[in-house]
There are 4 protein chains.
Amino acid sequence: MFLTVRSAGRDEERREYLVQCAIEVIAELGVKRASLSEIASRAAITKGAIFYHFTNRKELLDAVFTTVAGRGAGFIQERMAGASGPTARLRAYLEAFPAALLIAPNDIHAMIAVAAEHELGGDPALEEMALAPIEEILREGQRTGEFLDFPIRSMALAIRGTTETLPGYAARHPDLDLTAHGRALADLFERAVTGTVAHNG
Amino acid sequence: MFLTVRSAGRDEERREYLVQCAIEVIAELGVKRASLSEIASRAAITKGAIFYHFTNRKELLDAVFTTVAGRGAGFIQERMAGASGPTARLRAYLEAFPAALLIAPNDIHAMIAVAAEHELGGDPALEEMALAPIEEILREGQRTGEFLDFPIRSMALAIRGTTETLPGYAARHPDLDLTAHGRALADLFERAVTGTVAHNG
Amino acid sequence: MFLTVRSAGRDEERREYLVQCAIEVIAELGVKRASLSEIASRAAITKGAIFYHFTNRKELLDAVFTTVAGRGAGFIQERMAGASGPTARLRAYLEAFPAALLIAPNDIHAMIAVAAEHELGGDPALEEMALAPIEEILREGQRTGEFLDFPIRSMALAIRGTTETLPGYAARHPDLDLTAHGRALADLFERAVTGTVAHNG
Amino acid sequence: MFLTVRSAGRDEERREYLVQCAIEVIAELGVKRASLSEIASRAAITKGAIFYHFTNRKELLDAVFTTVAGRGAGFIQERMAGASGPTARLRAYLEAFPAALLIAPNDIHAMIAVAAEHELGGDPALEEMALAPIEEILREGQRTGEFLDFPIRSMALAIRGTTETLPGYAARHPDLDLTAHGRALADLFERAVTGTVAHNG
DNA sequence: AATGAATGAGGCTTCATTCAT
DNA sequence: GATGAATGAAGCCTCATTCAT
């Protein structure tokens, strides 16, 4: 349609398109088997063309991660927008993650897969970015007194570990009821941080 | 006969040695980058020699997993031996895992890494094997009434996710106090399953 | 479009070039020793490049066989074109094979070599394909009464065995007069199938 | 039985045993896949031990060939012993080969397989050894006038090609009636060399 | 006479990367 | 902006061969 348009935007569009193709391939085959050939063929271009848009494979993978992490964070924040107070926000967070997996499984699978690769020798700042929003909720809860006293980092790691590990299991067990599981996780961590579960009463 | 026995012992020794080298390489570089070259050079032999002791890379990796999973299970069982009752057993389990990471970090790293690869390409039974002991405790706790009512699989997944994810973080944050973290996890899940924490009282 | 056509042509050219190189190597060294390294070095490219044009070694070998079998069949059919009647056709066939060996020895050597490997690991249909044209002539000769009564398959196997075995001998005995040998074979089998030899009278 | 005997004969026995094992493996798997490992394991010894008895793989293969070719020649000579006159001898020869294939298929398969490997870069004298007895019959037939005039080498090559090619086909077509085929070959070549077939009249 | 362990060369294959066009 | 062709390093694996014991 816009084939004749020569704008800088075209470049960006193309990058995003390639990233999207990469996400799909990664979600289906895993990072290791997501070769540039595979991605290129999914995008119906040639391997060489990828290098016009990305310096190397790593840069493409980074773009994939940034994209999916960004979208994921956006989705979760949306879900948390209506929740006021740390307890509700924690619940929203824990239910949002499985919901995201339901709505955009490719994104989540790709995010986890790439993150796993990145972990060895990857950017430690990335990890903090994932923990930060959780810890913020926890800290606020302790400040307001709604939450009990517990080591924040340990609790955050438990929460993150629980969510991070979910996509793989869900992929292998398509019968898992993600909504129910999300609620169960919310209950579990609500009781862990507050000592009781209001909503189930 | 003696010759056979003696040489069988040698052979077994050699296999174990190679497995140990593989564990170290995997713990340091991850499964993907643990090439046979790398492992061979760590063992100060040639690549070809590996094939004298193992049919395949896969067979070596399987041996690695069997070894580390066996040692890990042994260690955790030892730690749980003194604990009676589901509450105590759950605490023992959750404290034992970080302790194992402290004592034999390579084993744990290799175990998680290999398990991740195995699960991608494979054996769903493995996953159940990891969840089974956890779920057994949870079921018993619910039966005796010590534990609240919650979906067992969800709780087990949370526990497993928490532990499975720990080695990576610990590797990137050597300053993490694993003993304290183990206690925190035990507290957290004890409160989640029982509604309160006895030992902190 | 032109670009596609032109490049498809290039691609095909390249494939044919590689096939030709493979034919030469196979003719000289045999299939077993015709490694991709050897073929690549003959083609003055790298091993890796072969995989750009062929999926694997087997595909290259298949292309070799298709090529030489096609050319060989073409040549023999050409020679048989002028011959009418089973007796003349049989003679044409038997003289054409040594002639082909004279004109394109590499082709014939490669064909026999690859066929031998294929048959070991494989395709029984190939064998029937080689026997079919011979048996057709024999059947027709018996139908018209020009040929005596004999078991067709046995006669065909004798003819095929005679030709199949010739390239090896010819390679080791460059002094063999292939034209004369072809005539001798034609005489021999003509007498075998008709009881007499017309042309020698 | 003779385990305690320490004679030079032991060595020879062992060699023969290994050769026999090699024959079986080659007959079953072909020369290429008849690795020393495979042969050793068939012989229930170790690879290393083979090198005590043979300098290298080639020497073992040579011994295999010598053995099977010797036994084959013996068998054929036995069968030809009762035949007097070139016509009868030729018939005996041509019927003996398929008979040998029936009685000792492993020998024949191994012989052909090894010969095929030897052909590229092998001993040319070997080939003459196979042709000599055929040519002797043919020459005698021409001398006595029983046989027509034809180029001896060409006829011998046809006969050898026919027989040499048979084992492979027979292996792929176990339903082939070897006795009938032998008779057919004898008829065919008898007519080719004499112009008629006495025995079928 | 033989074994067990290892070597080292060579084989096939995959893939990120480069580059002329 | 993109393609097609190629490179080269690395990976896994096989196997004849060697050698101390």
Side-chain angles (χ1 to χ4, degrees), chain A residues 3 6 10-11 14 32-40 43-61, chain B residues 3-4 6-8 10-11 13-15 18 32-40 43-58 60, chain C residues 3-4 6-8 10-11 13-15 18 32-40 43-58 60, chain D residues 3 6 10-11 14 32-40 43-61:
Chain A
L3 278 175
R6 297 277 165 96
R10 285 285 299 146
D11 246 53
R14 212 73 183 127
K32 202 177 73 181
R33 281 167 55 200
S35 66
L36 294 186
S37 289
E38 198 67 42
I39 293 167
I45 56 164
T46 53
K47 243 191 310 190
I50 294 180
F51 287 90
Y52 179 81
H53 296 283
F54 299 91
T55 305
N56 47 39
R57 188 175 187 264
K58 189 179 179 313
E59 201 185 278
L60 170 56
L61 256 36
Chain B
L3 275 173
T4 311
R6 198 180 298 153
S7 61
R10 280 265 170 79
D11 201 7
E13 255 175 45
R14 211 65 182 137
R15 267 180 76 101
L18 289 178
K32 204 186 66 182
R33 281 166 56 201
S35 66
L36 295 185
S37 289
E38 196 68 41
I39 293 168
I45 57 169
T46 54
K47 238 190 316 190
I50 294 180
F51 290 93
Y52 180 78
H53 296 283
F54 298 92
T55 304
N56 266 334
R57 185 175 189 266
K58 188 180 179 311
L60 171 55
Chain C
L3 276 173
T4 312
R6 199 179 298 152
S7 64
R10 282 265 171 77
D11 201 7
E13 255 175 45
R14 212 66 182 133
R15 268 179 76 101
L18 289 178
K32 205 186 66 183
R33 281 166 55 199
S35 67
L36 295 186
S37 289
E38 196 67 41
I39 293 167
I45 56 167
T46 53
K47 239 188 318 186
I50 294 180
F51 289 93
Y52 180 78
H53 296 282
F54 298 91
T55 304
N56 46 37
R57 187 178 189 263
K58 188 181 179 311
L60 171 56
Chain D
L3 279 175
R6 298 278 165 96
R10 285 283 300 145
D11 245 53
R14 212 71 183 130
K32 203 177 72 182
R33 281 166 53 200
S35 65
L36 295 186
S37 289
E38 197 68 41
I39 293 167
I45 57 164
T46 52
K47 241 191 313 193
I50 293 180
F51 286 89
Y52 180 82
H53 296 284
F54 298 92
T55 304
N56 47 36
R57 187 175 187 263
K58 189 178 180 314
E59 202 184 279
L60 170 56
L61 255 39

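To find a chain, count down the sequence lines: A is the first, B the second, and so on, and within it residues start at 1.
- Atom P of nucleotide F:dA5 and atom CZ of C:Arg14 are separated by 9 Å, given to the nearest angstrom.
- Residues C:Arg57 and C:Lys32 share a closest heavy-atom pair of NH2-O, 4.2 Å.
- When the nucleotides E:dA2, E:dG4, F:dA2 are ranked by their closest atom to the side chain of A:His53, F:dA2 comes out on top.
- Atom C1' of F:dT21 sits at a distance of 13 Å from the matching atom of E:dA1, rounded to the whole Å.
- If you take CZ of B:Arg15 and C1' of E:dG4, they are 15 Å apart, rounded to a whole angstrom.
- Rounded to whole Å, atom P of E:dG11 lies 11 Å from atom CD1 of C:Ile50.
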May I have the list of side-chain donor-acceptor pairs in residues 45-56 of chain D shorter than 3.5 Å, sequence neighbours left out?
residue : atom : partner : partner atom : Å
D:Thr55 : OG1  : D:Glu59 : OE1          : 2.7
D:Asn56 : OD1  : D:Lys58 : N            : 3.4
D:Asn56 : OD1  : D:Glu59 : N            : 3.1

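- Rounded to whole Å, the distance from CD1 on D:Ile45 to P on E:dG4 is 11 Å.
- Between the CD atom of B:Glu13 and the C1' atom of E:dA5 there is a distance of 13 Å, rounded to whole Å.
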5'-to-3' dot-bracket of DNA chain E (Watson-Crick, G-U; under 3.5 angstrom; crossing pairs as [ ]; | other strand): .||||||||||||||||||||

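- Residues B:Leu18 and B:Ile39 approach most closely at O-CG2, 4.4 Å, considering heavy atoms.
- Phosphate contact (OP1/OP2 of F:dA6, side-chain N/O of C:Tyr52, threshold under 4.0 Å): absent.
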Could you run down nucleotides 13-21 of chain F 5' to 3' and tag each one B, S or - for protein heavy-atom contact under 4.0 Å? BB-BBB---

